[in-house]
Amino acid sequence: MDDEYAKLIRRMNPPRVVIDNKSCEDATVIQVDSINKHGILLEVVQVLIDMNLTITKAYISSDGGWFMDVFNVIDCDGKKIKEKEVIEYIKRRLESNASISPSFRESVGFMPSNEHTSIELSGTDRPGLLSEVCAVLTDLHCNVVNAEIWTHNARAAAVVHVTDDTTGHAIKDPKRLATIRDLLCNVLKADGDVNTAKMTLSSPGVTNRGRRLHQIMFADRDYERVDKEEIRRMHDNSTRPFVTVMDCYEKDYTIVTMRSKDRPKLLFDIICTLTDMQYVVFHGMVNTGRKEAYQEFYIRHVDGLPIGSEAERERITQCLEAAIERRASEGLELELCAEDRVGLLADVTRLFRENGLCVKRAEISTKDGKAKDTFYVSDVTGSPVDLKIIDSIRRQIVPSVLQVKHNSLLLPKKPQETTGGFLFGNFFRTRNFQNFKLVRLAS
């Protein structure tokens with residue numbers, strides 16, 4: 001009865017969206033008003049991310065039964081959204097009950113599809129793991145049509161979409177699926193870590209990859225530092241995110257503030273983790289500078305209580321740091337463009353392994369017979385990659401085009417900033433939010 005009543009209220013009060021290109025010089029302003037419910041912030045942000053929009057500023061308010069968010073967004077070229085068709089499409093997506101109020105199963109990324117089989121993997125990371133997984137899939141006549149692979153804190157997770165290389169469709173034969181499961185589990189357990197290797201098959205199915213990867217790694221407890229000395233060596237302190245958790249006794253909130261290197265999908269990654277941890281953002285501000293992002297959220301647990309213990313404070317700090325770091329692009333960024341074929345990914349990752357390169361993160365996609373893959377690689381020691389090795393690999397995968405896009409390991413380190421004056425009252429004091437249509441918080 002309560003669920004049906006809630007659905008009736010949402011139908012009577014559909015989301016209202018205003019898209020404004022006049023009030024801000026360098027961004028399009030999107031305002032969303034809707035009936036409030038748990039998870040709605042993540043759903044709205046996910047729509048914007050799915051449209052390849054970058055959120056440069058945001059103002060969040062969801063006290064009581066109403067939800068109101070304002071986002072400053074730009075397109076992938078750093079410009080305002082000018083095309084009327086795109087603006088109308090964004091508005092329809094945000095105002096549609098189907099997209100803004102999905103069921104739980106849809107919100108975690110599963111939607112019906114007969115086009116491919118979705119494989120989810122998690123286990124202990126090691127050099128050459130991706131190469132071994134790709135080799136097994138090729139031997140089993142599986143063609144990888146798209147995939148995303150993350151590594152963090154010695155853990156690895158992947159969401160891989162495959163098809164039968166003969167039919168081009170999802171694999172449905174139970175015996176064949178069982179064989180795929182067994183062989184991939186053997187690869188994941190090759191290091192003897194049998195208790196933490198996991199593999200899930202979803203056929204038919206499509207997975208929202210970023211959403212699922214956060215859930216997989218969160219369930220795998222990748223936020224726990226496995227070796228402090230190793231992590232300190234891999235991630236210089238000057239590049240680590242800065243997260244603080246404080247009490248706001250007057251309003252019975254917990255205040256979470258974050259400062260980190262800015263990058264695409266940062267807000268989405270943070271909201272994913274807060275939602276998975278069963279926290280609700282009641283108020284918040286987001287601002288991005290030229291290189292850094294600043295975020296401040298007033299949160300409570302879904303039971304209405306703020307964080308009540310030091311252990312819980314430490315856990316949310318670790319989890320938010322992990323959320324920021326998982327998608328961070330460190331190392332040498334390589335882009336591969338080639339005619340797609342069965343075994344292409346296995347051949348490329350084998351060459352990486354044979355030349356002493358570790359894949360830290362990867363995004364695999366195919367469209368209209370073309371493969372466009374992005375790899376973030378480092379030397380097995382974590383040192384910058386010798387570009388002579390890349391030249392050698394490039395010669396071996398002709399007629400593919402392998403380009404170096406970016407090398408973060410060669411960038412000068414930014415001096416560590418002090419944190420004085422950063423917390424709470426001074427957090428946004430120097431930031432200018434005049435471009436927002438702000439709503440004053442209730443006192």
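Note that these values count all heavy atoms, side chains included, but never hydrogens, waters or copies made by symmetry. No experiment lies behind these values; they were computed from the predicted model shown.
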Do Cys358 and Asp379 pass the side-chain contact (heavy atoms from CB on, under 4.5 Å) test, and can you show the C-alpha distance, the side-chain angles, and the key distance before you say yes or no?
CA-CA 6 Å; Cys358 291; Asp379 185 86; over 6 Å; no

As a quick check of understanding, evaluate side-chain contact (heavy atoms from CB on, under 4.5 Å) for Ile397 and Leu402, giving each step before the final call.
CA-CA 8 Å; Ile397 56 175; Leu402 184 67; 4.1 Å; yes

Chi angles and distances behind the side-chain contact (heavy atoms from CB on, under 4.5 Å) call for Tyr89, Arg92:
CA-CA 5 Å; Tyr89 180 75; Arg92 285 198 305 271; 3.6 Å; yes

side-chain contact (heavy atoms from CB on, under 4.5 Å) between Ser378 and Leu357, worked out:
CA-CA 6 Å; Ser378 69; Leu357 302 183; over 6 Å; no

Would Arg155 and Asp220 satisfy salt bridge (charged side-chain N to carboxylate O under 4.0 Å, His left out), going step by step from the backbone distance to the final call?
CA-CA 8 Å; Arg155 307 302 300 164; Asp220 208 20; 2.8 Å; yes

What's the verdict on salt bridge (charged side-chain N to carboxylate O under 4.0 Å, His left out) for Arg341 and Asp347, showing C-alpha distance, side-chain angles and the deciding distance?
CA-CA 11 Å; Arg341 60 175 172 81; Asp347 291 343; 3.0 Å; yes

Verdict with supporting geometry, Glu224 and Arg221, salt bridge (charged side-chain N to carboxylate O under 4.0 Å, His left out):
CA-CA 6 Å; Glu224 296 178 343; Arg221 304 176 71 90; 2.6 Å; yes

Could you walk me through whether Glu148 and Arg209 pass the salt bridge (charged side-chain N to carboxylate O under 4.0 Å, His left out) test, one step at a time?
CA-CA 7 Å; Glu148 192 157 356; Arg209 297 193 308 241; 3.4 Å; yes

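Taking the side chain as every heavy atom from C-beta outward, Thr257 and Tyr294 never approach each other to under 4.5 Å. Taking the side chain as every heavy atom from C-beta outward, Met51 and Ile90 approach each other to under 4.5 Å. Residues Thr163 and Ile171 have side chains not in contact (no heavy-atom distance under 4.5 Å, counting atoms from C-beta outward). Within the 4.5 Å cutoff, the side chain of Leu266 has heavy atoms near those of the Gln295 side chain. A heavy-atom distance below 4.5 Å is found between the side chains of Asp222 and Arg326. You'll find the side chain of Ile19 stays beyond 4.5 Å of the side chain of Val29, heavy atoms only. Within the 4.5 Å cutoff, side-chain heavy atoms of Phe67 are placed close to those of Val32. Side-chain atoms of Val44 and Val47, non-hydrogen and from C-beta on, never get closer than 4.5 Å to each other.
Ala328 and Arg361 get closest at one heavy-atom pair: O-NE, 3.9 Å. Of all the heavy atoms in Phe71 and Leu41, the pair that sits closest is CZ-CD1, 4.3 Å. Residues Val359 and Phe375 approach most closely at CG1-CD2, 4.4 Å, considering heavy atoms. In terms of heavy-atom proximity, Ile74 sits nearest to Gly78 at CD1-CA, 3.7 Å. Across all their heavy atoms, Thr288 and Thr56 have their closest contact at OG1-O, 2.9 Å. In terms of heavy atoms, Val187 sits closest to Arg126 at O-NH2, 2.9 Å.
When each of Thr366, Asn143, Thr117, Asn146 is paired with His161, the side chain to side chain donor-acceptor pair (under 3.5 Å) condition holds for Asn146 and for no other. Applying the salt bridge (charged side-chain N to carboxylate O under 4.0 Å, His left out) test between Arg259 and each of Glu321, Glu292, Glu296 identifies Glu292 as the sole match. Only one option out of Leu94, Asn72, Val18 pairs with Ile30 in a side chain to side chain contact (heavy atoms under 4.5 Å, CB included); it is Leu94.
Put simply, the side chain of Thr349 gets close to the backbone of Ala346: a donor and an acceptor are under 3.5 Å apart. Checking side-chain atoms of Ser131 against main-chain N and O of Arg353 turns up no donor-acceptor pair under 3.5 Å. Within the 3.5 Å criterion, the main-chain N or O of Lys79 finds a donor-acceptor partner in the side chain of Asp75. Of the possible polar contacts, one joining the Thr28 side chain to the Ile81 backbone as a donor-acceptor pair under 3.5 Å is found. Between the Thr151 side chain and the Asp125 main chain, no donor and acceptor come within less than 3.5 Å of each other.
Ile216 CD1 to Glu120 CD: the interatomic distance, rounded to the nearest 0.5 Å, is 4.0 Å. To the nearest 0.5 Å, atom CD1 of residue Ile180 and atom CG of residue Asp173 are 9.0 Å apart. Rounded to the nearest 0.5 Å, atoms CD1 (Ile55) and CG (Asp69) are 9.0 Å apart. Atom CG of residue Leu267 and atom CG of residue Asp262 lie 10.5 Å apart, to the nearest 0.5 angstrom. To the nearest 0.5 Å, the span separating NZ on Lys405 from CD on Glu335 amounts to 4.5 Å. Rounded to the nearest 0.5 Å, atoms CD1 (Ile49) and CZ (Phe268) are 7.0 Å apart.
The environment of Lys80 atom NZ is dense: over 12 non-hydrogen atoms of other residues, nucleotides or ligands sit within 6.0 angstrom.
Ring geometry, Phe282 versus Tyr253: the interplanar angle falls from 30° to 60°, so the pair is classed tilted.
The residues Glu325 and Arg240 are annotated as salt-bridged, a charged nitrogen and a carboxylate oxygen being separated by less than 4.0 angstrom. Salt bridge present: Arg350 and Glu354 bring a charged side-chain N and a carboxylate O closer than 4.0 Å. Between Glu339 and Lys370, at least one side-chain N (NZ, or NE/NH1/NH2) sits under 4.0 Å from a carboxylate O, which counts as a salt bridge.
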For residues 384-392, tabulate all N or O donor-acceptor pairs below 3.5 Å that involve a side-chain atom, not counting sequence neighbours.
unit_1	atom_1	unit_2	atom_2	d
Asp386	OD1	Lys388	N	3.0
Asp391	OD1	Arg394	NH1	2.6
Ser392	OG	Gln396	NE2	3.3

Listed pairs under 3.5 Å, donor-acceptor, residues 308-320 side chains, sequence neighbours left out:
unit_1	atom_1	unit_2	atom_2	d
Ser309	OG	Glu312	N	3.1
Glu310	OE1	Arg313	NE	3.4
Glu312	OE1	Gly308	N	3.3
Glu312	OE2	Tyr279	OH	2.5
Arg313	NH1	Asp247	OD1	3.1
Arg313	NH1	Asp247	OD2	3.4
Glu314	OE2	Gln318	NE2	3.4
Thr317	OG1	Arg313	O	2.9

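Listed by first then second residue, pairs satisfying salt bridge (Lys or Arg N to Asp or Glu O under 4.0 Å) with a partner in residues 268-279 read Arg211-Asp276, Arg263-Asp269, Asp269-Arg327, not counting sequence neighbours.
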